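Residue numbers begin at 1 in each chain, while the letters A, B, ... track the order of the sequences. None of these values were measured; they are calculated from a predicted model.
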Amino acid sequence: MAVETQVSSSEENGRPALDWQAIGRELFFTALVAFGLTFVLVGMQTADRGGELIIIPRFTDVVYAIVMLTLGRFGYIMLRYRRASFVLIASLAAFGLSFVLPFPSLFLETMCMVGGLLIALMAVVTLIRHRPGIDMRERDRAMDRAAARFQELSRFIGPILVVFAIILPFLPFMDRQYIDIATLLLMYIMLGWGLNIIVGLAGLLDLGYVAFYAIGAYSYALLAVSFDLSFWVCLPLAGVLAALGGYLLGFPVLRLRGDYFAIVTLGFGEIVRIILLNWYQFTGGPDGIGGIPRPSFFGIAEFLPASRDGITFAELFGIDFDPMHRLIFLYFLILALALLVNMVSLRLRKLPLGRAWEALREDDIASQSLGINRTNIKLAAFTISAAFGGFAGSFFATRQGFISPESFTFLESAIILAIVVLGGMGSQLGVVIATILLIGLPEVFRELEQYRMLAFGAGMVLIMLWRPRGLLAHRDPSILLHGRKGPGADRIEAEQKAAEATR
Amino acid sequence: MLNISGVHTFYGAIEALKGVSLEVETGEISTLIGSNGAGKSTLLMTICGSPRARWGKVLFEGRDITKMPTHEIVQLGIAQSPEGRRIFSRMTVYENLQMGAIRNTEDRFERNISRVFELFPRLKERRNQRGGTLSGGEQQMLAVGRALMSEPRMLLLDEPSLGLAPMVVKQIFEVIKQINQDDKVTVFLVEQNAFHALKLAHRGYVMVNGNITMSGTGQELLVNPEVRSAYLEGGH
């Protein structure tokens with residue numbers, strides 16, 4: 001940062017003079033940080049030699065990594081001094097050299113290639129715009145504008161997305177794998193929307209949402225397996241049981257605030273999982289529950305090649321049996337459930353209950369002084385949200401056909417919470433986009449195997465860097481009088497911008 | 001209307017109110033003045049039941065509200081403009097006012113909101129603006145307006161003049177007077193700005209270190225030499 005101010009202060013002929021002392025200092029620190037980061041992570045490899053764990057040093061790799069990182073930093077600094085053409089040539093040279101030079105590992109070779117390309121790209125941007133490419137504030141503002149525009153359009157985007165989701169399974173390129181991914185995405189979208197009621201609307205940080213998901217899944221599985229009830233009977237029951245769980249948890253917990261609340265919900269999630277794991281007679285413990293019945297076509301027909309006591313879906317419509325029918329049916333089932341959750345939350349938001357949630361999120365004390373019963377309102381958020389989690393859980397159980405406590409770890413809670421937070425708390429569309437980024441991308445990159453989670457992490461880091469308050473964090477007023485552009489709306493907007501700029 | 005007798009309130013081990021007794025008569029404006037940390041805000045919050053008084057009684061229209069939960073006390077007809085205004089900054093002015101009426105039936109909403117807009121024309125101008133982007137004075141107007149939306153019989157105001165320009169302070173006190181005279185709302189005003197508050201009030205109390213040390217009509221206190229030297233001389 002200090003260097004940047006120096007740059008702007010000695011800006012006479014457009015290209016500031018090079019301050020070699022500052023550059024040398026910055027490069028030295030870069031090399032130092034690079035050494036610290038890579039010395040253990042890159043420089044030491046553990047290997048199993050005859051049952052014994054030994055460390056294989058790879059210090060050539062470390063040297064390569066440090067040199068590459070320092071050179072990259074040098075290019076970055078040169079860009080700040082507006083030596084863009086030089087950087088462009090040098091970085092392209094590095095990119096070309098990456099194919100020729102004997103790198104000790106494929107990873108380093110790829111890094112050199114990607115790094116060279118990235119810096120070349122930045123140089124091109126600098127050349128075109130005649131100044132250093134990335135001005136953070138400007139970029140943030142541009143993205144804020146884009147997000148606001150997008151949200152304005154969301155009234156149209158929403159219905160378009162729904163129509164798209166409905167015709168999706170009939171598109172020619174949709175095969176089994178894509179339907180599966182789409183179903184998975186919708187499950188997370190539904191969970192995200194469910195959790196959004198607690199986190200986004202009521203402003204309570206719930207780290208144990210997976211507990212309700214688990215209660216729903218096990219309720220369905222146990223009811224269906226032991227009492228032979230159909231999916232359509234069990235679904236509402238699972239929702240009710242999960243809601244009951246939310247209610248019971250809510251009572252003691254809602255007295256707590258902030259961090260303490262979050263910790264207790266985290267504990268609740270773990271308690272549910274551990275009970276499921278250890279109550280062997282009831283839940284089957286770590287063996288889980290298998291043979292969970294699949295849903296029928298609204299109790300009329302079965303998705304089977306042939307049925308002994310009833311008709312099959314194929315017979316009902318006079319078409320040939322295809323295993324895809326059930327998958328597509330499941331897809332539509334979760335689509336309908338997710339849309340139900342969405343509709344209910346959008347509706348609730350406009351009712352006094354939803355407004356009270358928002359008020360509580362904004363200011364606890366003010367809400368109380370207006371006569372809002374804090375406990376009841378929060379309890380309602382918990383119960384409704386839990387019921388939706390229960391619905392999603394029973395869908396999960398019927399889709400998988402097998403459930404075990406392994407599916408309900410803290411990681412699941414964390415992923416759902418990440419979807420809500422990164423999407424922009426309280427934004428329905430944000431949840432959809434965040435799910436596509438966080439769940440969809442890693443699924444698409446499944447071939448990359450363990451690097452898949454790298455895509456997840458990268459997605460998260462990028463969102464945090466670029467949109468620290470979530471992708472669509474802007475809150476639209478629930479009610480605007482006299483159309484969107486009332487008298488003085490322009491001035492109001494200008495004031496808001498000024499207020500945001502000074503924040 | 002409001003009868004407080006022998007109230008002791010504690011924050012942990014610290015005794016913030018040491019046996020406070022005072023009375024707010026129906027239809028009057030009563031004010032409580034005192035310096036920073038005297039316990040004025042604590043008394044207001046104790047009336048609303050958060051924190052609760054450990055000993056003593058708070059009666060509202062003869063009814064014991066000492067142990068009632070906050071939201072029930074508010075529903076009896078006591079509205080509060082809390083310390084620091086505490087408006088909902090991400091909601092618009094209109095939504096803020098709607099929140100004030102959340103416990104009310106819909107048919108009275110239109111009447112109440114047009115009354116608030118009549119008292120504070122500025123709020124009407126800015127009804128679609130977010131609360132957080134209002135100026136301090138407008139935020140204070142909004143806090144008072146929001147409290148009025150529940151059609152209270154009694155209004156508790158916690159330092160409405162705090163941090164505002166003298167012009168705006170005058171305007172707000174003018175409205176408080178109107179609310180009291182035209183709408184027949186009993187007002188209990190907690191203030192550091194003793195001069196304005198005493199001029200407005202029918203009755204005044206002075207609080208020092210959690211105790212009421214003086215009381216009288218507004219006019220009496222205004223000319224009282226002790227009050228003058230402690231709270232009035234020096235800038236006002």
Side-chain angles (χ1 to χ4, degrees), chain A residues 200-201 203 255 349-378 424-427 469 473-503, chain B residues 44-45 47-50 69-106 113 117 124-135 138 142-143 146-150 152 155-156 158:
Chain A
L201 288 181
R255 294 171 196 287
R349 197 177 287 211
K350 296 211 171 78
L351 295 177
L353 180 63
R355 307 296 289 285
W357 285 335
E358 269 192 81
L360 274 177
R361 184 190 64 197
E362 296 246 325
D363 198 317
D364 224 75
I365 292 175
S367 307
Q368 268 186 304
S369 81
L370 297 175
I372 292 172
N373 183 340
R374 216 173 44 158
T375 319
N376 281 0
I377 298 283
K378 285 185 179 175
M425 295 218 269
S427 167
R469 278 189 287 165
H474 177 82
R475 177 189 176 272
D476 265 331
S478 307
I479 286 181
L480 270 185
L481 298 173
H482 309 302
R484 295 186 69 80
K485 290 261 170 183
D490 288 331
R491 194 198 58 206
I492 289 166
E493 237 169 58
E495 272 172 358
Q496 276 178 10
K497 277 192 192 125
E500 256 154 48
T502 51
R503 190 175 295 153
Chain B
L44 265 205
M45 283 160 72
I47 295 171
C48 290
S50 155
T70 304
H71 62 270
E72 281 178 31
I73 295 175
V74 173
Q75 284 168 42
L76 292 176
I78 301 179
Q80 188 190 11
S81 156
E83 187 181 18
R85 300 161 199 148
R86 291 193 174 272
I87 57 160
F88 303 117
S89 57
R90 282 174 58 164
M91 293 189 189
T92 63
V93 168
Y94 192 80
E95 288 173 318
N96 265 283
L97 293 174
Q98 279 187 320
M99 290 312 304
I102 197 160
R103 311 259 28 146
N104 255 9
T105 53
E106 239 166 85
I113 200 156
F117 283 155
K124 189 172 187 180
E125 275 171 43
R126 313 223 147 188
R127 63 192 177 282
N128 288 341
Q129 197 173 328
R130 268 165 228 272
T133 66
L134 298 176
S135 73
E138 289 163 345
L142 183 55
R146 188 179 62 185
L148 287 176
M149 284 303 289
S150 62
L155 182 61
L156 308 179
D158 199 341

Which atom pair, heavy atoms only, marks the closest approach of [X] to [Y]?
| X | Y | value |
| --- | --- | --- |
| B:Met91 | A:Glu362 | N-OE1, 4.2 Å |
| B:Met99 | A:Ile372 | CE-CD1, 3.8 Å |
| A:Leu370 | B:Val74 | C-CG1, 3.7 Å |

Exercise. Measuring from A:Ser369:OG to B:Glu83:CD, what's the distance to the nearest 0.5 Å?
Worked result: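 Answer for the OG-CD pair, A:Ser369 versus B:Glu83, is 12.5 Å.
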Exercise. So what's closer than 4.5 Å to chain A heavy atoms on B:Gln75: side chain, backbone, both or neither?
Worked result: side chain
Problem set entry | Side chain / backbone / both / neither for B:Ser81 at chain A, heavy atoms under 4.5 Å |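 For B:Ser81, neither part sits under 4.5 Å from chain A.
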For this session: Specify which of A:Ala356, A:Pro352, A:Ala359 makes the most heavy-atom pairs with chain B at under 4.5 Å.
Result: A:Ala359
Exercise. Looking at side-chain heavy atoms only, is the closest gap between B:His71 and A:Arg374 below 4.5 Å?
Worked result: no
Problem set entry | Pairing residues for A:Asp363 by the side chain to side chain contact (heavy atoms under 4.5 Å, CB included) criterion, not counting sequence neighbours | A:Ile365, A:Ala366, B:Arg86, B:Phe88
